[in-house]
Every structure is written in C-alpha cells, then in structure tokens.
Amino acid sequence: MFNKLSFNSDILFQMASQLHNSATPAYTLAEGCPQKDPASSFSINKPGGGSLLLLQDTQLIEKLAHFARERIPERVVHASAAGAFGEFEVTHDITDLTSAAFLSEVGKKTPFLVRISTVGPERGSADTVRDVRGWAMKLKTDEGNQDWVFNDIPVFFVRDPIKFPSVNRSHKRHPRTHLPDSTMFWDFHNNNQESIHALMCLFSDRGTPASLRNIDAFGGHTYKFTKTDGTFHYVKIHFKTNHGIKNFTDAEATRIAGENPNHNVQDLFENIEKGDFPSWTAYLQDMTPEQAESYKWNIFDMTKVWPHKDFPLRPFGKIVFNKNPQNYFADIEQASFSPSTMVPGIEPSADPMLQARMFSYPDAARYRLGVNYQQLPTNCPVSPVYSPMQRDGAANFRGNYGPDPNYVRSSLRSMTYAAGNVSHDEWAGKAASYSSEVTDDDFVQATALWAVLGTQPGQQENFVSNVAGHLKSAIPQVQEKTIEMFSRVDEGLGKLIAKAL
Ligand code: NDP
C-alpha cells in the first residue's frame, strides 16, 4: 500500500526531523522495567543445538498478546475516515440568537478536532467511492465540548429513526453474498421513497467529491439557538467550502479507488502538512418559533431543506484545518462524537432523528471504546469537568473523584451549579407522528434539485448515467419500481434512466 503514496520529500523530511528532535527515550516494558533488546526473544539453548523459548519472557508474551488486541471494533457506519485539528473563529455577531460563550464575540477562536468519513464502507476501504461524507467536529469550548455531527449533503434518507439500521444495511453488504447489492439498495429506497431527495444528492456528482477540501457540510437537523432570557430561534447550520465544490465523475472516482484507495486521506494530510490549510465559511439559517409553526415544511423532517429565498444564509464563522493528527489511533480512531454533546445556548429540537442520534451515538461509543470514553485525551474537554455521580467502570483513569460523595445532594461536599439554566418552550410540530407516509410533498424538493442540476452543464446527464450505472445490476422488477420513483421527480428523468439502462 505504501508505494501508492507519493509524499513529497519535504513532508517526509519534516516528519523525520520531528522524531529526531525529541530526547532519546530509554526503552522499557509497559510497566517500566528497562529492557536490553526489543528485537530478540529470550530462549535457552538446547544441548545439541537449537533453542527453546521461555514462558517467562514477559516482553515476548506482552508483545504478542497486545498485538492480538490492537484493533477496537470499527464503527458500524462511518468506519473509514481522515482527521485533523483546527480552529473555529466567529466572524459575525449572532448574539441576537444564542448566548453560547464560544459564539459570543467576533474574533473569538475555539480549537476543534474533526473527522471526515465515508458512511457505508469498512475501515481501510477506498475513499473516493459514491457515498455521503460524514463530518464530525468536536469544538473544545470554555463551557465544555460542542459536537457538530454533520453530512456533506443537506438532507437525510429517512425521517423515522427506526429505519436508521435498515437504510444503512441496504447500503452495505448482502447477508448471503457479502457483496454490495444494487437490488437490496434500490429495493429499500423504492419502498421508503422519503429518501428521494437524499438520493438526488447522492447520485449527482457531489456523491463522488474530488477531495475533502471541496465539500460542504450541513447540520441537516433543526437545532435551537437559545438565550438566557428564555428566547430561542430554530437554526440550520451550513459550512461552505472556500475552495469551491469539485467532484470526480463516476468513472474517475472508480479509477482512483483502484489506483489510490486512500486518495482523500492523503490529499487532506499533505495539504495540511505543507501549510495549505483548507477552510470553510459557516452560515446559518434562522427561524422564529412563530415562523416555524406556520411554515409550509415540517422543520423537524430531516429529508427537507429550508429554501434559501425563504431563509437566507447568514455567515457567522470561519473554519480552518491547520494541524494533522500526531497519532491517528489516539487522536482520530478513539475520538467519539455525538449530537447530544452541546453547550449552553444550543439545544436539540423535536426532530425525531436528532432525538434518536442523541441516544445512539454515545451508546455506540460506550460499546466501541468503553463506558469511560469521555476521559480519553482526544474526547476530554479543555474546560473543567466535575461529574462525580458518573464514576468507576472499565478503564477509569482520571482519579475517579477520589473520596468525593458519589450520590446526589450530599451535605459533605457542596458544588456550584450553572446559572441561567433557563428552559425554553418546546414545540413538537408534527415531529412525533410524521414518519413513514410518503406524499407528493416528498418529491417537491427533489424536483427542485433536478432543476438546479439543469443549470450546471452536463450534470443532469451525469446524474442519469450515475443512477443507471448502479441500477443496472438490480433485478428487473426492482429496476422498474426505481424508474417509477424517479418519474415522480420528473417524468423525463424516469424515461432517461430507462433509456440509459
Ligand atoms: P437555491 O436554488 O438557492 O440554490 C441551489 C442550492 O443547491 C445551492 O445551495 C447549491 O449549492 C446546491 N446544489 C447544487 N448542486 C447540488 C447537488 N448536486 N447536490 C446538492 N446540492 C446542490 O436553493 P434552494 O434553497 O431554493 O433549494 C433548491 C434545491 O437546492 C433544494 O431542493 C435542495 O435540493 C438544494 N439545496 C438546498 C439547500 C438549502 O439549504 N436550501 C442546501 C443545498 C442544496 P452551491 O451553492 O454550493 O452550488
């Protein structure tokens, strides 16, 4: 694999000199015992030649045992990723919307960790394939961590979280053949057509970005930006690349997946390493509760956008990736992100997908990293943490609050509590009941995107060929239903796909 990489020699030299500059360490076992030779097992010579290993060779036993346990479970989705560190800077005042401290002042900077992934493929798989890209960001603010767990398309495939495992399975491997399966993929979407808008995004050329520097990122969900005076706005957040959207065609993405399966990881790493720091502009759309309650779209439906003409983009920040991980496993693989990780001034809305992700993401981290995953250096906030009712558990390594009381309302040690824990009105809209019923409304924004593609030379043609290239391996009755589904977006589109097949 390594010979596929063509790091420029400056980068290799810099990386090597970082190692040589540190003081020379003395090699020991993991529990500190100095060792003479890390490259030889300990053995006794047999009379007459040969040698026998000894079970007392702790160094050998530990090296073999540890090696067998090096892999932690990979994420069931978003397993394959690139990562970086960076800085978020407030560029425009939005204190009319939120009292979040990290957004309180123009010029205020907050460091973050970011991980950008494909969704379906396994860890180590080719990273140029057609897929949504996940964008997970942990901002280390003065009031605890703020995680933004976004995607590079503005909408999601389903709005009822009970379908989350199913949609992901349909994009992964068939249970019998262990192969990606077009019949399974389209059969799921034919029968769950609320996904049509996300499919329009995925099968446009934006499904195969030319690099991670050339994608946008979208919050997808509606969030609440709140103030200590009890008021709030609904917001949607968008990060737009400052380098322009650039995509591969389907054929280019397929070719590069074979030539360099790590194209996107390498591109991001090399650009950051040579100081070409990628950047994005952060925008939001905001809506008052009154506007939300009378808006034509259900704002808790993650398959819909808020059209720009109704709710224009308002800039508020700049995002720069400026440092590579020092150690991929410690910094990126052990990172965990959750939409439930929020600071005062940002709150969840009634969006059912958001509510479910707020359970599901930390639950996945508990399984993958253990119950004390928040203590790992990459996940730990930079602000003080005092959470003594959450203690013990495997791999607890930060003192475990010593003798402090482990129960609430102890008279033996007092603590202070956040001021201004104001509760904000809750409006559920149609969020709770709105789930699997698909109506013509679900096709309106997909049709709008088809029209947007018509304004970009060659994009409608590429879309048709991208769908047909995937659909051609499905069984005929699934193909027919898929053509019917795209005909509901635009009659001509259905015909073009049928013709291309
Ligand atoms: P506009 O007509 O004002 O602008 C079109 C939007 O579509 C731009 O944001 C553009 O991004 C984006 N876009 C262009 N090509 C693609 C693609 N292949 N996949 C995804 N997005 C693309 O937008 P409206 O608000 O009136 O919405 C029209 C349609 O645009 C929507 O139905 C939706 O499908 C799509 N869209 C809307 C967004 C929103 O938040 N309103 C966000 C993203 C897409 P860019 O400016 O980078 O070219």
Side-chain angles (χ1 to χ4, degrees), residues 73-79 115 117-120 131-138 145-172 188-189 191-199 201-202 217-226 232 234-237 292 297-306 335-343 346-369 371 373-374 379 423-424 426-438 442:
E74 71 170 35
R75 291 159 163 89
V76 68
V77 281
H78 298 278
R115 183 178 181 277
S117 52
T118 48
V119 183
D131 201 356
V132 173
R133 265 67 188 171
W135 171 299
M137 193 171 178
K138 188 178 286 298
N145 291 342
Q146 169 64 44
D147 286 3
W148 273 329
V149 193
F150 290 8
N151 279 327
D152 75 332
I153 64 173
V155 287
F156 194 60
F157 298 97
V158 294
R159 53 184 164 241
D160 186 332
I162 205 157
K163 293 185 179 178
F164 188 76
S166 295
V167 63
N168 282 299
R169 290 209 192 98
S170 76
H171 290 207
K172 287 163 92 65
F188 174 83
H189 291 295
N191 295 309
N192 299 276
Q193 296 195 5
E194 68 271 35
S195 61
I196 187 66
H197 194 188
L199 287 171
C201 299
L202 179 61
F218 302 90
H221 301 293
T222 295
Y223 292 89
K224 280 157 75 178
F225 270 18
T226 63
F232 74 94
Y234 291 110
V235 299
K236 278 198 189 270
I237 301 173
W297 300 113
N298 181 344
I299 65 153
F300 304 131
D301 175 355
M302 210 191 171
T303 69
K304 306 287 186 302
V305 295
W306 302 353
S336 81
F337 305 87
S338 169
S340 57
T341 302
M342 293 181 173
V343 296
I346 303 182
E347 289 181 17
S349 73
D351 176 348
M353 286 296 295
L354 175 57
Q355 296 281 329
R357 288 176 81 207
M358 289 175 69
F359 156 73
S360 171
Y361 280 55
D363 191 50
R366 284 178 209 113
Y367 164 68
R368 201 171 59 83
L369 301 164
V371 71
Y373 69 96
Q374 288 133 324
N379 297 323
S423 67
H424 299 88
E426 201 55 72
W427 173 64
K430 288 173 273 177
S433 59
Y434 197 87
S435 55
S436 282
E437 191 198 345
V438 177
D442 287 308

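Excluded from the calculations below are hydrogen atoms, water molecules and symmetry mates; all remaining heavy atoms, backbone and side chain alike, are included.
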Item to complete: Kindly compute the distance separating CZ (Arg75) from OG (Ser336), expressed to the nearest 0.5 Å.
Response: 7.5 Å
Fill in: Heavy-atom closest pair, residues Asp442 and Thr303
OD1-OG1, 4.1 Å
Discussion item. Within the structure provided, determine whether Asn379 and Lys138 are in side-chain contact (heavy-atom separation under 4.5 Å).
Written reply: yes
Discussion item. Tell me the closest heavy-atom pair linking Tyr367 and Pro73, and the distance in Å.
Written reply: CE2-CB, 3.9 Å
Discussion item. So for atom CZ, which belongs to Arg368, do other residues, nucleotides or ligands contribute more than 12 heavy atoms lying within a distance under 6.0 Å?
Written reply: yes
Worksheet item: Got a second to check how far Thr222's OG1 is from Lys304's NZ, nearest 0.5 Å?
Response: 12.0 Å
Worksheet item: Quick one: does Tyr373's side chain get under 4.5 Å of Arg366's, heavy atoms only?
Response: yes
Discussion item. Nearest 0.5 angstrom please: Phe157 CZ to Asn192 CG, how far?
Written reply: 12.0 Å
Worksheet item: Is Arg159 salt-bridged to Asp351, going by a charged N under 4.0 Å from an acidic O?
Response: no
Practice prompt. Would you check if His221 and Phe156 make a side-chain contact, meaning some heavy-atom pair closer than 4.5 Å?
Written response: no
Worksheet item: Going from CD1 on Ile346 to NZ on Lys224, what distance comes out if it is rounded to the nearest 0.5 angstrom?
Response: 13.0 Å
Item to complete: Output the distance between atom CE (Met358) and atom OG (Ser338), rounded to the nearest 0.5 Å.
Response: 7.0 Å
Worksheet item: Between Phe300 and Trp427, is the gap from one ring center to the other below 6.0 Å?
Response: yes
Item to complete: Please report the shortest heavy-atom distance between Leu369 and Ala335, naming the atom on each side.
Response: CD1-O, 4.4 Å
Worksheet item: Hey, is the main chain of Ser117 close enough, under 3.5 Å, to the side chain of His78 for a donor-acceptor pair?
Response: no
Discussion item. Between His189 and Ser195, do the side chains contain a donor N or O and an acceptor N or O under 3.5 Å apart?
Written reply: yes
Fill in: Arg133 side chain near Thr118 side chain, heavy-atom distance below 4.5 Å
yes
Discussion item. When you compare the side chain of Pro348 with that of Pro339, does any pair of heavy atoms fall below 4.5 Å?
Written reply: no
Discussion item. Please verify the inter-ring angle class for Phe232 with Tyr234; under 30° counts as parallel, over 60° as perpendicular, anything in between as tilted.
Written reply: perpendicular
Worksheet item: Is the shortest heavy-atom distance from the side chain of Tyr361 to the side chain of Thr341 under 4.5 Å?
Response: no
Practice prompt. Give a yes or no on whether the ring-centroid distance for Phe188 and His171 is below 6.0 angstrom.
Written response: no
Worksheet entry | Straight-line distance of Lys236 NZ to Ile299 CD1, nearest 0.5 Å | 8.0 Å
